[in-house]
Amino acid sequence: MKKTNPVFADARIGHHANRRRAAAADYPEALRRHFSLAATAEAAGEISAWPGYRPSALTPLRGLAAEFGLGAIHYKDESGRFGLGSFKALGGAYAVLGVLQQQIQGHTGERASARDLEGGRFSNLAARTTVVTATDGNHGRSVAWGAARFGCGCRIYIHAKVSERRARAMSELGAEVVRIRGNYDESVRLAAAHADANGWHLVSDTSQPGYTDLPARVMAGYSVMMEEIVAQLPSRPPRAGAGFTHVFVQGGVGGLAASVAAYLWEKWGAGRPRFIVVEPQLAACLFQSARQGRATEVRITEETVMAGLSCGEVSMLAWEVLSAAADDFLTIADDLVAPVMRMLAHGEARVEAGESAVAGLAACLAACANPPLAAALGLNQRSQVLVFGTEGATDRDIYRAMVS
């Protein structure tokens, strides 16, 4: 691979090849209850009917692909999604709708539509429902937006390092925002405890034993991106893996990565592309889980600049998919983030990418600059790479500081 850019020449990048990857071509029936093409199609049918919906752009990064010796890089740009600035808009609000539909059906026997709720038809029942979540910013903003649209109460827990601008964005949507002194994982535990104590409804993308249905619904919303990508590519019918050879996806608790991996696995089986999970070195719970062969919690002692990926505990459902579907787990250092954000902001496509948006792309470029790792991942001039730009400038002050 060719690359001389000094930013990537000595990049610190961890790699673990997943020896436990399932060899079977068939998608396991045990996972179908939580992740299925049918659930994706249902989510796509609902979300695509919402006002303001349009597929996010799939942007070719031709210059970067040529510079790094790749056949193509396609960047799924979520910076404009529903005006919320991240892919999370697809999941949290969709789960809030599900909560309200279930509550209303239990009381009336009717299945309320999004239009019913937005029109106020079940306003009394909706107003008596409160949804709760913990967030680094983007998921909470989606939940708050959904609650405002559909007429229910909303309480959001944030940790000590969430920026004030991100907290204000949720408050402006009508959510009650509660800041705690601890980290993200502690905010998750507190949100769950308070929801249980008060009869509120937890809307999380982190699953636990006995709590799987709503996280699965959140992830079904995320997988709508894959439906869009298949439609955006010129191949008809889509070739194996939609024509991609490699897919790099951010980690976090694993919800996004699992939704994409499950979609690829069920749709293309053994023909799915190489799937690579990327995390910050400071918050690598999936990487450590892969090394240990079981879901493993890591203690976060220093916050990563990739705020949306600062998670120490793995989602149970996500790990069930990724432990069998992922080919590789990578970690990257924070010092790669700002340079890649600047490359996108000032490059050919003029892409606005937030701190968490560039993890997959940064890992791909760093791997290309490391010949042994590039060879291990099978990256070369024939590679067709898909990466996810999961957010835009969700905090404008942070963004300006990092790309200036």
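With no hydrogens or angles considered, a side-chain donor-acceptor pair links Asp395 and Ser163 at under 3.5 Å. Side-chain atoms of Arg20 and Ser323 include no donor-acceptor pair closer than 3.5 Å. The closest side-chain donor-acceptor pair between Arg155 and Thr130, if any, does not fall under 3.5 angstrom. Checking Thr390 against Ser86 by side-chain atom types alone, no donor-acceptor pair falls below 3.5 Å.
The side-chain contact (heavy atoms from CB on, under 4.5 Å) test applied to Glu352 returns Ala393, Arg396, Tyr399, not counting sequence neighbours. Residues meeting the salt bridge (charged side-chain N to carboxylate O under 4.0 Å, His left out) test with Glu29, sequence neighbours left out: Arg32. Residues satisfying the side-chain contact (heavy atoms from CB on, under 4.5 Å) criterion with Val298, sequence neighbours excluded, are Cys285, Gln288. Considering only residues two or more places apart in sequence or on other chains, Leu37 meets the side-chain contact (heavy atoms from CB on, under 4.5 Å) condition with Tyr263, Glu266, Lys267. Every side-chain contact (heavy atoms from CB on, under 4.5 Å) that Arg21 has, sequence neighbours left out, goes to Asn18, Arg272, Asp327. Applying the salt bridge (charged side-chain N to carboxylate O under 4.0 Å, His left out) test to Arg400 and every residue at least two apart in sequence or in another chain returns Asp397. In this structure, Arg141 has no salt bridge (charged side-chain N to carboxylate O under 4.0 Å, His left out) partners at least two apart in sequence or on a different chain. When the salt bridge (charged side-chain N to carboxylate O under 4.0 Å, His left out) test is applied to Glu164, the partners found at least two apart in sequence or on another chain are Arg179.
The local environment of CG in Asn198 is crowded, with over 12 non-hydrogen atoms from other residues, nucleotides or ligands closer than 6.0 Å. Annotation for Gln281: atom CD counts as buried by contact number, over 12 foreign heavy atoms lying within 6.0 Å. The environment of Arg165 atom CZ is dense: over 12 non-hydrogen atoms of other residues, nucleotides or ligands sit within 6.0 angstrom. Within a 6.0 Å radius of CZ in Arg115, other residues, nucleotides and ligands contribute 12 heavy atoms or fewer.
Every pair passing ring-ring contact (aromatic ring centres under 6.0 Å, His included) that includes a residue from residues 158-215 is listed here, sequence neighbours excluded: Tyr157-His194. Residues in residues 188-204 take part in these salt bridge (Lys or Arg N to Asp or Glu O under 4.0 Å) pairs, two or more places apart or across chains: Arg189-Glu313. Within the structure, every pair that satisfies the ring-ring contact (aromatic ring centres under 6.0 Å, His included) test and touches residues 80-104, not counting sequence neighbours, is listed here: Trp50-Phe82, Phe82-Trp145, Phe87-Tyr222. Under the ring-ring contact (aromatic ring centres under 6.0 Å, His included) criterion, no residue pair touches residues 295-347, with sequence neighbours excluded.
A side-chain donor-acceptor contact under 3.5 Å links Ser383 to the backbone of Asn380.
Summarising the geometry, atom CG belonging to Leu61 is positioned 6.5 Å from atom CG belonging to Leu344; distances are rounded to the nearest 0.5 Å.
With contacts defined as side-chain heavy-atom distances shorter than 4.5 Å, the pair Glu303/Asn183 qualifies.
With salt bridges taken as basic N to acidic carboxylate O contacts below 4.0 Å, none links Arg111 and Glu46. A salt bridge is defined here as a Lys NZ or Arg NE, NH1 or NH2 lying under 4.0 Å from an Asp or Glu carboxylate O, and Glu320 with Arg33 fails to meet this definition.
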